[in-house]
Number of protein chains: 2
Amino acid sequence: MLSNRQLLVLQVIIDEFIQTAQPIGSRAISKKEDISFSSATIRNEMADLEEMGYIEKTHSSSGRVPSEKGYRFYVDHLISPFRLSSDEMNSITHTFEKGMLEFEQIVQSSARVLSDLTNYTSIILGPEVFETKLKQIQIISLSSTTAVAILVTNTGHVEHRSFTIPATIQPSDLDKLVNILNDRLVGVPIIQLHEKLYTEIAELVNSYTQDFETAYKYVKAALFDEQHVKLYVGGKTNILMQPEFKDVEKIRSLFTIMEKEDEIANLLRSSTGGINVSIGQENKMDAMQDCSLITATYSLGDKQMGTIALLGPTRMEYSRVISLLNVLSSRLTKTFHSWY
Amino acid sequence: MLSNRQLLVLQVIIDEFIQTAQPIGSRAISKKEDISFSSATIRNEMADLEEMGYIEKTHSSSGRVPSEKGYRFYVDHLISPFRLSSDEMNSITHTFEKGMLEFEQIVQSSARVLSDLTNYTSIILGPEVFETKLKQIQIISLSSTTAVAILVTNTGHVEHRSFTIPATIQPSDLDKLVNILNDRLVGVPIIQLHEKLYTEIAELVNSYTQDFETAYKYVKAALFDEQHVKLYVGGKTNILMQPEFKDVEKIRSLFTIMEKEDEIANLLRSSTGGINVSIGQENKMDAMQDCSLITATYSLGDKQMGTIALLGPTRMEYSRVISLLNVLSSRLTKTFHSWY
DNA sequence: GTTAGCACTCTTCACTTCCGAGTGCTAAAT
DNA sequence: ATTTAGCACTCGGAAGTGAAGAGTGCTAAC
């Protein structure tokens, strides 16, 4: 168990290190306002803290640096809610007041605000389709052999894809098909589309001509086969300003990871409700071993819709970042709620 | 004027430096197969070349390195067409054989192939709208106060935007409006849309009710007011592998530039037909002073549609890159031509 | 339990020294 | 008149040295 004084010392060390990125010595601590012990006493406490694994030395006679266990303890027990400045609150409020009405835009602006305010890299996993329903399907032919299929959801999301069709297929067949699809599928939640398509609709289509079936295949492939994730990343370069990323190799591996959107998306998707902090080695991805990833989710009703995350060095301003994520995720939740 | 031997020496120096990124000494040159002179002779030639500004020393007793003037001369007079390997040709052919039918996809894959093959960063300015014409406008209401407007071009490009409308506006008004817009605007080249909207259509709309005019305003704002550029960047991290980018500051300034898509787009847009090479200081952007930017354009008929570019260090494989860009731009041109 | 004092450790920086790669010049060779 | 061999010279980089400074751990005194 940690004594009160040890808690205090640990807190000071971590707070200080987060700001300066420099190892903290006993003398520096003893000089702090809320500390009334001599450096020697601090040294003893620090020796204990080190033995328990909360802090480390960078070399035998250096000041101390928080260990990952230290950060973990700090995050779990030591941080108090951060009072955001009115400037910060304003930036966020401003983002939501532009009266944008599209998922994409709101989410994108959120990512930008977040990375601007923190100087870390923000990653937002766009709204998943849980609650969204099909609003309308349209096919617009461009030429005798090409057409573009458009799918609109009740959330205003639009997917589209161009495709080729054999010239043998009649435009009237396409129209008929669209009608059938709209008849049967409008209002159906997006996640159930696949299922419905393969049972109900496929059956129905079978009863028509060969050509009609072909048309169906094309449209299905165009609209429903690929489901791509939307990942918004803000301030990729911010992380370059952190002194821990002086090494080009680290930068490279981190940037390479960030290009693998699928993996990142899966990682974020797996995060549960509320704020979640992964520190250093706790991260599943190798290239993030020197980073911390803080995630928060936003939701519609009791369905989780997406995830906001901030990626920075383990030496992160946890307190502030967590407050920011809290505010932003609840703003997102509120906004989406007001829409539907 | 440069003697034949000087040309040869200059060529060897640049070829070698492009491969090794190390200063080249006289002895190394004299050992090359096609060189039959002693290192002393080479030294004399190098002294001349340096005096003329084609090569430089990194310090008083170092080997030589190409100057920007040297690269310029190399690009203008010394490079012979590069024979692309069949592997390279295959990768490109493969990209165009996937039967994708959308601008975006083709262009995106092209960017990827290009950066993969070269290990530089590829930037592609998406097809401009010169020849594209409006195919259809649609408005789909999502709720009593929200709707999504969709605009489709004859090239299969889809733009969409959600927007709010006062509840006082009748759905029937919206329908009427869409009909008018489609009546008047289908087939009109996208670049003329603005003009038409502000003259013809505005006039027409004036004769209807107040509400109708309001609806018009909303739709116009949603669909036509913002025109955003599509810029595809491939292999941003590739540039980190180049030894000239060991310095974090350089990386940061370069990446910061690359986030300013507007500026990059303007830069690319200003490039004229054919291959264009900007070496080092020739670049307008400060952060690119250590880079070379090679651009090629692709077109439809005699209208230039967009630009492909590769960004790398000044020590670039000019010959290969130029060949690749040539092939790719003509493939793009051919593909687009076959569509329309 | 706390603190002052001190020896000890380790980094950092400036300053050498040494080596090798490469040049420029001169004089000899072709 | 070129070309080449030879050699002194220059410079960067690696390795080494020493002094300064920051910080620790331990001991003994408070």
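Proteins get letters first, then strands, A, B, ... in listed order; numbering begins at 1 in each.
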Options D:dT4, C:dT3, D:dT24, nucleotide nearest the side-chain atoms of A:F37: C:dT3
B:E56, B:E50, B:E51, B:E45 screened by salt bridge (Lys or Arg N to Asp or Glu O under 4.0 Å) with B:R64, the one that passes: B:E50
Distance, rounded to the nearest Å, where A:Q22 contributes CD and C:dT12 contributes P: 10 Å
Any N/O donor-acceptor pair, A:R43 side-chain to C:dG5 base, under 3.5 Å: yes
Spacing of B:E50 atom CD relative to C:dG22 atom C1', expressed in whole Å: 12 Å
Euclidean distance, atom NZ of residue A:K31 to atom C1' of D:dA22 [Å, nearest integer]: 12 Å
Spacing of A:I13 atom CD1 relative to D:dT24 atom C1', expressed in whole Å: 13 Å
Parallel, tilted or perpendicular, as decided by the 30° and 60° cut-offs, for the rings of A:F255 and B:F255: perpendicular
Residue-phosphate contact under 4.0 Å: A:T41 side-chain N/O, C:dT3 OP1/OP2: yes
Residues from residues 54-65 of chain B lying under 4.0 Å of DNA chain C - heavy atoms: B:K57, B:S61, B:S62, B:G63, B:R64
side-chain N/O A:R5 vs C:dT2 OP1/OP2, d < 4.0 Å: yes
d(CD, B:E45; C1', D:dA1) in whole Å: 14 Å
Gap between atoms CG and P, on B:N44 and C:dA27 respectively (whole Å): 15 Å
Length of the line joining A:I35:CD1 and C:dT3:C1', which is rounded to integer Å: 15 Å
A:Q289 to A:E68 - nearest heavy-atom pair and separation: O-OE2, 3.9 Å
Plane angle bin for B:Y71 and B:F17 - parallel if under 30°, tilted between 30 and 60°, otherwise perpendicular: tilted
Where A:R72 and A:V277 come nearest, the two heavy atoms and their spacing: NH2-O, 2.7 Å
B:I29 CD1 to D:dT4 C1', straight-line distance once rounded to whole Å: 16 Å
For the student: nearest non-hydrogen atoms of B:S323 and B:P81, plus distance: OG-C, 4.4 Å
Heavy-atom check, side chain of A:I322 versus side chain of A:N326, under 4.5 Å: yes
